[in-house]
Amino acid sequence: MLGVSLWKKLGLACVPLIASSAFLWAQMPSHVPVPEDNPQTPAKVELGKKLYFDPRISITGTVSCNSCHNVMSNGTDNRPVSAGAHGKLGDRNAPTVFNSAFRSVHFWDGRAASLEEQAKGPPTNPIEMGMPNAEAIVERIRAIPAYREEFAKVFGGSQPITFDHIAQAIASFERTLVTPGSAYDRFVAGDKSALSPAAQRGLKLMDSAGCAGCHSGPQFSGPAQPMGTGFYMKFPMNPGNMYVKKYKLDADAGRNEVTHQEADEHMFVVQSLRNVEVTAPYFHNGSVKSLDEAVRVMATAQLGQTLTANQVQDIVAFLDSLTGTFPQITLPRLPETPNTTLLEK
């Protein structure tokens, strides 16, 4: 039985875990979940792509979704925290948008139950994109002639440009951002040469050290949950160790800031380990620069263990095997505003 000590430590019921990691984890799913009220269509995806890259959704016309979640790279901005429209810094690290379609909740505190709901957050956040309200965003998009035509074709109706439709289009594009074909996926599919000896040792260490207590499932982010239901874990579990003070890991109240429930103090959504090789810096505050240090922090702060240098190297080798194949994305041509600008100030 694997990870039992961690489950006991967390006060959770112990569940039988099959000894093979292929059953703890799995290949990338072949299809993303799509809500019934927002079916995917090529035209909607293309519209969402334009909106994703369009900085005019921000008050200054300088920040797009892609600014913090760069899909021409790894889906992040590789900054500890992101800079918003007025140069203000956020207080949490921007997670990668790649494979976000598989998440059951969004943001570090799980406050958004869907990609559509998540897409509505940053545009009106005063620190991020800074628009005063949803209607201001709608008015700006309606002022662009080509967007009026495109929304009419995609959504129809007498008023096709709404905040809901803007979010639905962006979410539809984001559901195309998946990264299958990692070395680990090939290994699970039967190619036993896909993982190096070091990565295979790291895989076994992930089991024996107890990492699978949280980072299980095909996304390495915990057991499957219904959409809208999050899988959370307290971080840090062991607040008295040196890493907590060094990296200020307990300064953020986590989900408690949303629910104001004592039980949610320092609780965070368990993040996926896919593509973790390229999404530094790490943790909710982006305080840890390197993956090997992040492994040491997790072992100590969560599991109460001290790993040897060789063990850290092997786990990092395994984590590096989770980097998938990123889709080829071309930059869209954004609709113009002939003879005028919407950004006069």
Side-chain angles (χ1 to χ4, degrees), residues 38 40-73 75-77 79 81-92 94-95 97 100 106-107 111-112 114-177 329-345:
N38 188 25
Q40 295 278 96
T41 67
K44 189 187 296 180
V45 169
E46 185 60 26
L47 172 58
K49 180 181 180 180
K50 292 175 182 176
L51 294 166
Y52 187 92
F53 279 94
D54 200 331
R56 289 171 294 187
I57 293 178
S58 69
I59 188 67
T60 57
T62 58
V63 176
S64 69
C65 303
N66 195 64
S67 298
C68 302
H69 304 279
N70 186 357
V71 298
M72 307 308 289
S73 179
T76 77
D77 57 6
R79 296 168 58 102
V81 295
S82 301
H86 295 289
K88 297 178 182 179
L89 296 179
D91 54 8
R92 288 178 181 158
V97 70
S100 61
H106 302 270
F107 297 112
R111 64 185 183 272
S114 67
L115 276 175
E116 287 79 5
E117 187 176 342
Q118 189 281 329
K120 293 180 177 181
T124 57
N125 186 303
I127 295 177
E128 297 182 53
M129 301 171 89
M131 293 294 280
N133 50 53
E135 187 55 36
I137 300 168
V138 171
E139 288 178 2
R140 186 170 285 186
I141 296 300
R142 284 178 183 163
I144 302 173
Y147 271 143
R148 294 199 298 269
E149 296 176 7
E150 199 162 350
F151 270 87
K153 291 177 181 177
V154 171
F155 292 103
S158 59
Q159 198 63 271
I161 301 180
T162 66
F163 195 42
D164 283 343
H165 288 165
I166 290 170
Q168 286 178 339
I170 292 173
S172 293
F173 169 63
E174 291 176 333
R175 290 192 173 96
T176 69
L177 303 175
I329 298 173
T330 57
L331 290 170
R333 176 75 183 183
L334 300 181
E336 302 288 356
T337 52
N339 304 317
T340 191
T341 177
L342 301 178
L343 308 170
E344 70 277 6
K345 294 181 181 180

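Basis for what follows: all heavy atoms, side chains included, without hydrogens, waters or symmetry-related copies.
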If you round to the nearest 0.5 Å, how far is [atom2] of [Y] from [atom1] of [X]?
{"X": "Thr162", "Y": "Ile137", "atom1": "OG1", "atom2": "CD1", "value": "11.5 Å"}
{"X": "Leu115", "Y": "Asn38", "atom1": "CG", "atom2": "CG", "value": "9.5 Å"}
{"X": "Ile329", "Y": "Leu177", "atom1": "CD1", "atom2": "CG", "value": "5.0 Å"}
{"X": "Met72", "Y": "Phe53", "atom1": "CE", "atom2": "CZ", "value": "5.5 Å"}
{"X": "Ile161", "Y": "Ile141", "atom1": "CD1", "atom2": "CD1", "value": "7.0 Å"}
{"X": "Arg175", "Y": "Ser100", "atom1": "CZ", "atom2": "OG", "value": "8.5 Å"}

Quick one: closest heavy-atom pair of [X] and [Y], and the distance?
{"X": "Ala134", "Y": "Thr124", "value": "N-CG2, 3.8 Å"}
{"X": "Val45", "Y": "Thr176", "value": "CG1-CG2, 3.8 Å"}
{"X": "Ala94", "Y": "Ser82", "value": "CB-OG, 3.6 Å"}
{"X": "Ala143", "Y": "Leu342", "value": "CB-CD2, 3.7 Å"}
{"X": "Ala119", "Y": "Ile170", "value": "CB-CG2, 4.2 Å"}
{"X": "Val63", "Y": "Gly84", "value": "CG2-C, 3.8 Å"}

Check whether any side-chain N or O of [X] sits under 3.5 Å from a backbone N or O of [Y] as a donor-acceptor pair, and report yes or no.
{"X": "Arg56", "Y": "Gly61", "result": "no"}
{"X": "Arg140", "Y": "Ser58", "result": "yes"}
{"X": "Glu116", "Y": "Gln168", "result": "no"}

Any side-chain heavy-atom pair from [X] and [Y] closer than 4.5 angstrom?
{"X": "Asp77", "Y": "Asn70", "answer": "no"}
{"X": "Pro55", "Y": "Leu334", "answer": "yes"}
{"X": "Lys50", "Y": "Tyr147", "answer": "yes"}
{"X": "Met131", "Y": "Glu139", "answer": "no"}
{"X": "His86", "Y": "Ile59", "answer": "yes"}
{"X": "Val71", "Y": "Asn66", "answer": "yes"}

Before you tell me yes or no, could you show the steps for Thr330 and Lys49 under side-chain hydrogen bond (donor to acceptor under 3.5 Å, both in side chains), namely the whole-Å CA-CA distance, both residues' side-chain angles and the distance that decides it to 0.1 Å? CA-CA 10 Å; Thr330 57; Lys49 180 181 180 180; 3.2 Å; yes
Taking Ser172 as the fixed residue, which of Gln40, Lys44, Glu46 is the one that meets the side-chain hydrogen bond (donor to acceptor under 3.5 Å, both in side chains) rule? Gln40
Quick one: list whatever passes side chain to side chain contact (heavy atoms under 4.5 Å, CB included) with Pro160, sequence neighbours left out. Phe151, Ala152, Phe155
Results of side chain to side chain contact (heavy atoms under 4.5 Å, CB included) for Ala83 - residues two or more places apart only: Arg79, Leu89
Sequence-distant partners of Phe173, ring-ring contact (aromatic ring centres under 6.0 Å, His included), two or more places apart: Tyr52
